2 protein chains.
Amino acid sequence: MATASRALSPRGSASDSTRLRVAAAASELGYTPNPAARALATRTGTRIAVVVGGHTAHVLNDPYVARVTAATASVAASREVGVSLHWLPLHDPAELGRLTESRDVGGIILVNPTEPALATVPRSARGRVAAIGIGSRIVPSFDVDNATGTTNVLEHLLVTGRRRIAMITGPAWLPCTRRALTAYQRATEAAGTPPRLIPGDFTATRGHHAATEILTRWPDTDAIFALGDLSALGALDALRTSGVNVPGDIAIAGFDDLPYATLSHPPLTTTTNPIESITTAAATTLLDRQTAPPLTLHPSTLIVRATT
Amino acid sequence: MATASRALSPRGSASDSTRLRVAAAASELGYTPNPAARALATRTGTRIAVVVGGHTAHVLNDPYVARVTAATASVAASREVGVSLHWLPLHDPAELGRLTESRDVGGIILVNPTEPALATVPRSARGRVAAIGIGSRIVPSFDVDNATGTTNVLEHLLVTGRRRIAMITGPAWLPCTRRALTAYQRATEAAGTPPRLIPGDFTATRGHHAATEILTRWPDTDAIFALGDLSALGALDALRTSGVNVPGDIAIAGFDDLPYATLSHPPLTTTTNPIESITTAAATTLLDRQTAPPLTLHPSTLIVRATT
DNA sequence: CTGTTAGCGCTTTCAC
DNA sequence: GTGAAAGCGCTAACAG
């Protein structure tokens, strides 16, 4: 019994002969390991929780979150574990603590956490929590390289002769927004270009309004960079309505490279957000109990289409 | 110990007094049930598998599949179980049998199954498998009401004076395509209108090509109905490029009501596909071990925007 | 390296 | 209605 267990496990010590013998017997009898029993014996947990920070439960319907969940569920499948999806109310992150205590949660993927939320992760949970977004001393972070992505976009805008570049940001509480913001400030400063910031929330509607606002506040703007393709598309829509020529009068660039980015008129210049690979990396780390570096950044690559 | 178990379970027989006493003690000691132990004892499974039929593993990256997975993971979370995501190669559906055998899979949600795939579900799995798409004698189906959705769209097109309506379908192997097709044939026949069918695959690219093909094969077409918003958007793009006026010359309608549908020029008329509610219904049935009717159809509601 | 022995935390007989 | 005892299928600890 124990021998069998050892033989089947890659890290158990068993001679090659028994290993083979056991493997043969196993397939002979149609043996299938029972993850529940294993989880009980090793108290290792039977699922990994995807926990999404947000102000309303609505975040659970976000397509971006859906992609994270699906990618996690896909790598989880190969380890015979499951994934559950939870909303973490940012005004009361206590729920996170409960999940880290839960005996059957083997790992937690924190999506869009805030500093306060990260602070509630107990030290004892080290190695069982990973973040997509910012991390902390005990939570390793896996994220898209927002700063470089933003810098690349701005660089491209500058190289193509734009000088008065406005930016539509994401929600202020989102750490990734802040990183992009810093990159923007650094770039505009270096170029001796005036900073023009409008807060956004990643939605098309807000992007639309933001663009209108930009037009009235800074009529001589010659480029708009929106954090999030949906906002960029909304902005594009607003400009078209106002009779502004894109990219003739104003260039537009987004962030994410959503499927629809290629369908707009003109097709949207943007930079990729490889969320599936990011998620896979985070989930793999958790499931294989690897110790991850504090920060793993996945590159965002610029895709120049016709709005710039 | 046993008493406690009985008291905590809603269906256990215990007097109200002990039930209260146990509940008090439980919260006092911060007791948390261990799903793995329960799963082992009841051999009830520790996760539910979302199994997606398709020809390549690429289906796992489909945003539609992601939404199904996320919705499942969300209801699963409340029952303390997880979700895993699997690709079911349609050319070799044997994997499905393996999953139904697996001791730790408590339920299976079959996405886009085909008849052959459904045939591999053993009778013994009745009650542990639900389908989003077509079902079978032993697999209850949860789906969007494709037929009525399609009929509504066509009705709307007819009422607004369109007579030569072309349809861009989905992949032929997808049963939902066939249902929509039937509705289309019925409607065109009733209206004494010529059927004009072009196969599609739900992508924007294919929608683009399909529209071009429609233009050359049936130049007098006055409406295009695409199964899937992405295809509709692709078609819209093609028409614009060809200088066709939408909706002046040709009306366009899609199916799904994706977020992008509102962003096109003009905004796309479409009909909803409430996949989250559908999924929630299927998952709930599985997790609560309810017996579902053979077919549960969720309504698709027409959203008239400006392409018709 | 391999066999034996205890549990992991719950539910389920089975007596009382 | 309630307690005692026997597992569910595995791995960890301990001898050999």
Side-chain angles (χ1 to χ4, degrees), chain A residues 1-48 76 78-82 84 98-107 124 127-128 287-289, chain B residues 1-47 76 78-82 84 98-107 124 128 287-289:
Chain A
M1 197 64 247
T3 310
S5 173
R6 272 185 292 249
L8 266 342
S9 159
R11 18 180 258 86
S13 44
S15 65
D16 284 358
S17 62
T18 26
R19 205 177 282 268
L20 276 170
R21 224 154 36 81
V22 170
S27 77
E28 195 77 19
L29 302 169
Y31 167 83
T32 326
N34 181 331
R38 188 213 310 280
L40 181 57
T42 59
R43 61 208 84 178
T44 193
T46 162
R47 65 195 159 106
I48 121 165
S78 61
R79 317 299 211 276
E80 305 204 279
V81 308
S84 55
R98 228 161 297 134
L99 276 170
T100 54
E101 304 300 85
S102 181
R103 311 300 290 110
D104 70 323
V105 171
S124 61
R128 295 189 300 123
L287 287 166
D288 294 350
R289 308 221 162 292
Chain B
M1 198 62 248
T3 311
S5 172
R6 272 186 291 248
L8 266 340
S9 159
R11 19 181 255 86
S13 46
S15 66
D16 284 358
S17 62
T18 26
R19 203 177 283 268
L20 276 170
R21 225 153 36 79
V22 171
S27 77
E28 195 78 19
L29 303 169
Y31 166 82
T32 326
N34 182 329
R38 189 211 310 278
L40 181 56
T42 60
R43 61 208 84 177
T44 193
T46 163
R47 64 194 158 106
S78 61
R79 316 297 210 278
E80 305 204 279
V81 308
S84 55
R98 229 163 294 135
L99 276 169
T100 56
E101 304 300 87
S102 181
R103 311 298 292 111
D104 72 321
V105 170
S124 61
R128 295 191 300 121
L287 287 166
D288 293 351
R289 308 220 162 292

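The analysis underlying the following values was restricted to heavy atoms, covering all of them including side chains, and did not include hydrogens, waters or symmetry mates. Here is the naming used below: chain letters follow the sequence lines, and residue numbers restart at 1 for every chain. Here the structure is a predicted model, which is why all the values come from computation and not from measurement.
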For Thr44(A), report the nucleic acid contact type (base, sugar-phosphate, nothing); a contact means any heavy atom under 4.0 Å.
nothing
How is Pro35(B) classified with respect to the nucleic acid when contacts are heavy atoms under 4.0 Å: base, sugar-phosphate, or nothing?
nothing
From [atom1] of [X] over to [atom2] of [N], roughly how many Å is that when rounded to an integer?
X: Arg103(A); N: dC8(C); atom1: CZ; atom2: P; result: 11 Å
X: Arg6(B); N: dG3(D); atom1: CZ; atom2: C1'; result: 8 Å
X: Glu80(A); N: dC10(D); atom1: CD; atom2: C1'; result: 13 Å

Considering only residues two or more places apart or on different chains, which pairs with a residue in residues 25-46 of chain B satisfy side-chain hydrogen bond (donor to acceptor under 3.5 Å, both in side chains)?
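Sorted result for residues 25-46 of chain B: Thr46(A)-Thr46(B), Thr44(B)-Arg289(B).
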As a check of understanding: the bend across the helix from dC1(C)-dG16(D) to dC16(C)-dG1(D), end axes from five pairs, rounded to 10 degrees, works out to 30°
Using salt bridge (charged side-chain N to carboxylate O under 4.0 Å, His left out) as the criterion, list what pairs up with Arg79(B), not counting sequence neighbours.
Asp288(B)
Do you know which two heavy atoms are closest between [X] and [Y], and how far apart they sit?
X: Ala39(B); Y: Gly45(B); value: CB-O, 3.8 Å
X: Arg47(A); Y: Gly82(B); value: CD-N, 4.0 Å
X: Leu40(A); Y: Leu40(B); value: CD2-CD2, 3.3 Å

N/O (side chain, Ser5(A)) to phosphate O (OP1/OP2, dA12(D)) under 4.0 Å
no
Sub-3.5 Å pairs of nitrogen or oxygen atoms, protein against nucleotides 6-8 of chain D:
| from | atom 1 | to | atom 2 | distance (Å) |
| --- | --- | --- | --- | --- |
| dC8(D) | O2 | Ala41(B) | N | 3.4 |

By side-chain hydrogen bond (donor to acceptor under 3.5 Å, both in side chains) - contacts of Ser78(B) (at least two apart)
none
Contacts of Ser102(B) meeting side-chain hydrogen bond (donor to acceptor under 3.5 Å, both in side chains) (sequence neighbours excluded), chain-then-number -> Asp104(B)
